[in-house]
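Here the structure comes first, spelled out in structure tokens, and everything after it is commentary.
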Amino acid sequence: MIEDRAPIRVALLGCGTVGTEVLRLLQDQPEEFAARTGAPVEVTGVAVRRPHKHPAVPQHLITTDAAALVDGDVDVVVELIGGIEPARSLLLRALRAGKSVVTANKALLAEHGSELYAAADASGADIYFEAAVAGAIPLLRPLRESLAGDRINRVMGIVNGTTNFILSAMDSTGAGYAETLDEAGRLGYAEADPTADVDGFDAAAKAAILASLAFHTRVTASDVHREGISQVTPGDIAAAQALGRTVKLLAICERVVDEDGTESVSARVHPAMIPRSHPLAGVGDAFNAVFVEAEAAGQLMFYGQGAGGAPTASAVLGDLVAVARNLVVAGKGPRESAHAQLPVQPMGRTPTRYHISLDVADKAGVLSQVAATFNEHDVSISVVRQQGRGDDASLVVVTHTAPDAALRSTVDKIAQLPVVREVVSVMRVEGEPS
Ligand SMILES: NC(=O)C1=CN([C@@H]2O[C@H](COP(=O)(O)OP(=O)(O)OC[C@H]3O[C@@H](n4cnc5c(N)ncnc54)[C@H](O)[C@@H]3O)[C@@H](O)[C@H]2O)C=CC1
Ligand SMILES: N[C@@H](CC=O)C(=O)O
Ligand code: NA
């Protein structure tokens with residue numbers, strides 16, 4: 001009988017947007033959880049910072065001493081505090097004591113993942129973190145388990161709900177940046193410090209986790225080239241629209257194979273123009289979508305809610321059930337897989353394409369001067385559009401693929417040409433043949 005088995009005792013650390021939903025769903029359906037795991041699942045305590053802010057949590061469960069809760073009689077620690085400390089110390093404390101961990105904390109995993117894995121390995125505890133990337137979407141388990149027998153070459157997608165919410169609104173309604181960010185905060189999508197979202201730190205942490213799992217290599221957040229959306233202007237959105245494109249913040253993790261067969265990993269997060277016909281262009285609101293390209297499986301697409309309390313709680317609870325099942329049968333979840341240890345390629349060497357919009361003098365020879373600058377840097381041009389006259393004259397150039405450093409130097413040089421009044425918009429182009 002399931003009820004006769006010793007319960008799986010769970011400590012919940014943090015009861016904010018996600019923690020509240022995890023607790024609600026766990027308490028709503030105890031019999032379901034018992035039936036799925038093979039033992040009753042019991043929350044033994046909820047660590048919070050300000051007890052008076054949680055009137056709905058049974059008062060006998062509440063504590064402000066998270067460390068004492070971890071040290072107590074618990075089997076699983078669910079960490080939903082966020083940030084590096086005290087989350088890191090609390091999880092190391094749990095893992096070293098052989099207590100399994102479920103966390104949604106991408107910032108922590110992207111910086112200290114190896115330390116946490118090592119502690120889990122040493123004590124035989126589990127560490128699961130499906131909620132850390134793309135919220136409710138099952139993505140990490142497919143990478144860690146379902147695709148473990150395949151060779152992944154590329155993972156690309158939209159992994160930050162807040163910035164997708166903002167960019168989608170800017171594109172469809174012309175809404176302002178600040179007001180949309182406030183709305184994303186109210187809806188529970190934004191991080192406690194929303195600069196983590198808009199400056200790309202959150203997406204870079206997720207890219208590090210994705211690249212690590214996809215390429216069996218330790219990739220940390222500092223290995224990921226990062227640009228956020230705070231520099232994206234209504235002018236950039238309009239320039240994209242004029243060419244049948246839209247702007248998305250993309251995370252791109254690729255296996256790069258040089259001519260001599262040497263392999264490396266490229267991981268980057270930046271805004272990019274993609275064609276409106278591309279499947280990622282239709283991903284609106286706070287939704288996330290990720291393409292995985294694997295050698296045998298081909299192309300797979302994962303789509304769903306990447307942020308918000310309930311969707312994220314779904315992934316946390318899926319992990320909790322997995323950990324509890326492992327405890328019931330004395331099994332173990334997947335360990336760290338970092339055997340490939342590929343080097344990380346610098347952004348400057350990564351092949352990219354640029355869309356450049358220039359405000360230029362309406363004089364003969366402007367186009368040839370601009371074209372000569374591209375030529376000097378060995379960057380070839382795919383599309384040129386010259387529009388307007390006099391003060392309104394503008395030039396739009398879309399390049400073919402070139403190393404990012406060459407494209408960057410070309411833009412710097414073009415900005416210095418006397419015939420160029422202003423570099424209005426520079427953005428990478430993805431999702432179309434190079
Ligand atoms: N909100 C979302 O859509 C998603 C969030 N996540 C991750 O889930 C985690 C939690 O996020 P949210 O619930 O949105 O954050 P939140 O800010 O709403 O909740 C965190 C809670 O932890 C509490 N806390 C802080 N320090 C504490 C301590 N020392 N002891 C006990 N409690 C403490 C805070 O008072 C707050 O109530 C973060 O790692 C976040 O990155 C992951 C996916 C989606
Ligand atoms: N702030 C994050 C929350 C989920 O990871 C986002 O907006 O995607
Ligand atoms: Na997920």
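Keep in mind that this is a model prediction, so the values were computed, not measured. Counting starts at 1 for both ligands and their atoms, following the listed order.
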- Message: Please check whether G135 reaches ligand 1 - meaning an N/O of the residue sits under 3.5 Å from an N/O of the ligand, judged on distance alone.
- Response: no
- Please confirm whether G308 comes within less than 3.5 Å of ligand 1 when only nitrogen or oxygen atoms on both sides are compared. yes
- Query: Quick check: does I137 put an N/O/S atom under 3.0 Å from the Na ion (ligand 3)?
  - Reply: yes
- Message: Check for me whether G135 has a heavy atom closer than 4.0 Å to any atom of ligand 2.
- Response: no
- Note on the structure: If we number the atoms of ligand 1 from 1 as shown, the ones under 4.0 Å from a heavy atom of V48 are 31 (C), 32 (N)
- So, is H54 polar-close to ligand 1, with some N/O to N/O distance under 3.5 Å? no
- Which of the atoms of ligand 1 are close to G14, meaning less than 4.0 Å from one of its heavy atoms? 22 (O), 32 (N)
- Under 4.0 Å between heavy atoms, the region of D202 that gets near ligand 2 turns out to be side chain
- Message: I want to know if ligand 1 touches R50 in the polar sense, i.e. an N/O pair below 3.5 angstrom.
- Response: no
- Message: Please work out, at 4.0 Å between heavy atoms, whether the side chain, the backbone, both, or neither of D197 comes within that distance of ligand 2.
- Response: side chain
- Note on the structure: atom 7 (O) of ligand 2 has as its nearest protein heavy atom T162 OG1, 2.6 Å
- Item | Residue and atom name of the nearest protein heavy atom (relative to atom 8 (O) of ligand 2), distance in Å to one decimal | G161 N, 2.7 Å
- Query: Which option, D202, I81, D197, L90, owns the non-hydrogen atom nearest atom 33 (C) of ligand 1?
  - Reply: I81
- Spatial distance of atom CD (Q345) from atom CG (D404) [nearest 0.5 Å]: 10.0 Å
- Is it the side chain (CB and beyond), the backbone, both or neither of K106 that lies under 4.0 Å from ligand 1, heavy atoms counted? side chain
- Message: Cation-pi check for F291 against R154: NZ or CZ below 6.0 Å from the six-membered ring centre and within 45 degrees of the axis, yes or no?
- Response: no
- Checking only N/O/S atoms, does A315 have one that is under 3.0 Å from the Na ion (ligand 3)? no
